[in-house]
Number of protein chains: 2
Amino acid sequence: MPFYAAPIARLLEELERLPGIGPKSAQRLAFHILRADMDAATRLAEAVLEVKRSIHFCSICFNFAENESCDICADPERDDAVVCVVEEPRDIVAIERTGEFRGRYHVLQGAISPIDGIGPEQLRIRELVDRLAPGTVTEIIIATDPDVEGETTALYLARLVKPLGIRVTRIASGLPVGGDLEYADEVTLGRALEARREM
Amino acid sequence: MPFYAAPIARLLEELERLPGIGPKSAQRLAFHILRADMDAATRLAEAVLEVKRSIHFCSICFNFAENESCDICADPERDDAVVCVVEEPRDIVAIERTGEFRGRYHVLQGAISPIDGIGPEQLRIRELVDRLAPGTVTEIIIATDPDVEGETTALYLARLVKPLGIRVTRIASGLPVGGDLEYADEVTLGRALEARREM
């Protein structure tokens, strides 16, 4: 005999499909939902459906957007001359939180990864080049992840964009602030030494 | 400007209400749902709603049930003479997994906790006593949690049920199997010593 009634088993199955949710977490979530009032469960289900119904990709930068273009692309206050290139929409959130960047973004929707069959054609690189054509953009900051795929993508973009006479920069690699030298891996520490600055 | 479009912010808010889901996990889940296809999102939302629509409490033992009585109460193969008393439906799942118990259950839906305003009247204790009245049950195993509330509830039930001439037992406290003596707290170790058995 199964441990759970069929609707509970189905909910557990769906919850376990979510990233970082194992059987134990799924059970905790399911029992929470079972104990919650109907209103709370409806709000959760409705929020899931609403996000799928109303959110699509911004036609300019490929961030998630509720309208034709995202809030950042629609903001007239932002600097059109600098475009920060990221892999995923969540990276925009991370950069926005710093409050250090007032330019535009471009989401590649991934990184070059031959092993996963992802080449430049699978990414929003053609759309990036199209955005650079009018000549408004003077710098692109490549903020792909500092891993093999992100570095490959950065190199590819640099080779593609530099000939257009646009400045191409890469976010710095080094020790995280508050980090511990002792626990830094040798590649990161090597990069930090290489990119040392005059004080 | 907010970091997220309104529907995403709403989904994040609902996800963060779930137990064990902080802002980082909520973001990971939300971005997963955004990337998933519409079908997967619909299945998740539908599973949440379906569980609320179709699951209620078993009229006999107060476990979660799809029908009038739960699968365990409806199973003619199980032993009517022994009732295992637990706090929550999830405790039934834990005990069923052991495969050691073939009797019936009774879910109190909580434990006595004066600080939270939960007395015996707030629990399914009257319903338990009603179940014992016909005289079929010869033993109740009290499997409430081995914490203050669970122990208080166990003592209360023992005092209530013993005079009815029914055997009342309590699940053993002691060191968890595979545990380490060194890291056991002194109360658990004390209990383990007190409840030592002849080999």
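Keep in mind that what you see is a predicted model, and the values were worked out from it rather than measured.
Using a 4.5 Å cut-off between heavy atoms, B/I33 touches chain A through backbone and side chain atoms alike. Contact annotation for B/S54: only side-chain heavy atoms (C-beta onward) come within less than 4.5 Å of a heavy atom of chain A. Residue contact with chain A, scored on non-hydrogen atoms closer than 4.5 Å, involves the backbone of B/D37 exclusively. Using a 4.5 Å cut-off between heavy atoms, B/E13 does not touch chain A at all. Only the backbone of B/A40 comes within less than 4.5 Å of a heavy atom of chain A; no side-chain atom from C-beta onward does. At a 4.5 Å heavy-atom cutoff, the contact between B/I21 and chain A is made by side-chain atoms alone. Looking at A/L44, the atoms closer than 4.5 Å to chain B (heavy atoms on both sides) sit in the backbone and in the side chain alike.
Note on B/H56, B/E50, B/H32: by heavy-atom pairs under 4.5 Å with chain A, the leading option is B/H32. Comparing A/M38, A/R10, A/E14, A/R28 by heavy-atom pairs within less than 4.5 Å of chain B, the highest count is held by A/E14. Top candidate by heavy-atom pairs under 4.5 Å with chain B, chosen from A/A30, A/A36, A/S25, is A/A36. When A/G20, A/A47, A/P7 are compared by the number of non-hydrogen pairs under 4.5 Å with chain B, A/P7 comes out ahead. Note on B/R53, B/R97, B/E88: by heavy-atom pairs under 4.5 Å with chain A, the leading option is B/R97. When each of A/N63, A/V48, A/T42 is checked for heavy-atom pairs under 4.5 Å with chain B, A/V48 comes out on top.
We find that A/E194 and A/R191 are not joined by a salt bridge, their nearest charged nitrogen and carboxylate oxygen being 4.0 Å or further apart.
Taking 4.5 Å as the limit, some side-chain heavy atom of B/R131 sits within range of a side-chain heavy atom of B/C61. Two residues are said to be in side-chain contact when any heavy atoms from C-beta on lie closer than 4.5 Å; B/E127 and B/F62 meet this criterion. In this structure, A/V107 and A/R124 have side chains that are not in contact, with every pair of non-hydrogen atoms separated by 4.5 Å or more. You'll find the side chain of B/R90 stays beyond 4.5 Å of the side chain of A/L34, heavy atoms only. Looking at heavy atoms from C-beta onward, B/L157 lies in side-chain contact with B/L128 at the 4.5 angstrom threshold.
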Inset, instruction - Show your reasoning for whether side-chain contact (heavy atoms from CB on, under 4.5 Å) applies to B/I171 and B/I95. - result: CA-CA 11 Å; B/I171 51 162; B/I95 294 173; 6.0 Å; no
Step by step, work out the salt bridge (charged side-chain N to carboxylate O under 4.0 Å, His left out) result for B/E46 and B/R43.
CA-CA 5 Å; B/E46 203 32 65; B/R43 275 204 314 275; over 6 Å; no
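Using a 3.5 Å distance cut-off with no hydrogens or angles, the side chains of A/S59 and A/E68 do pair a donor with an acceptor.
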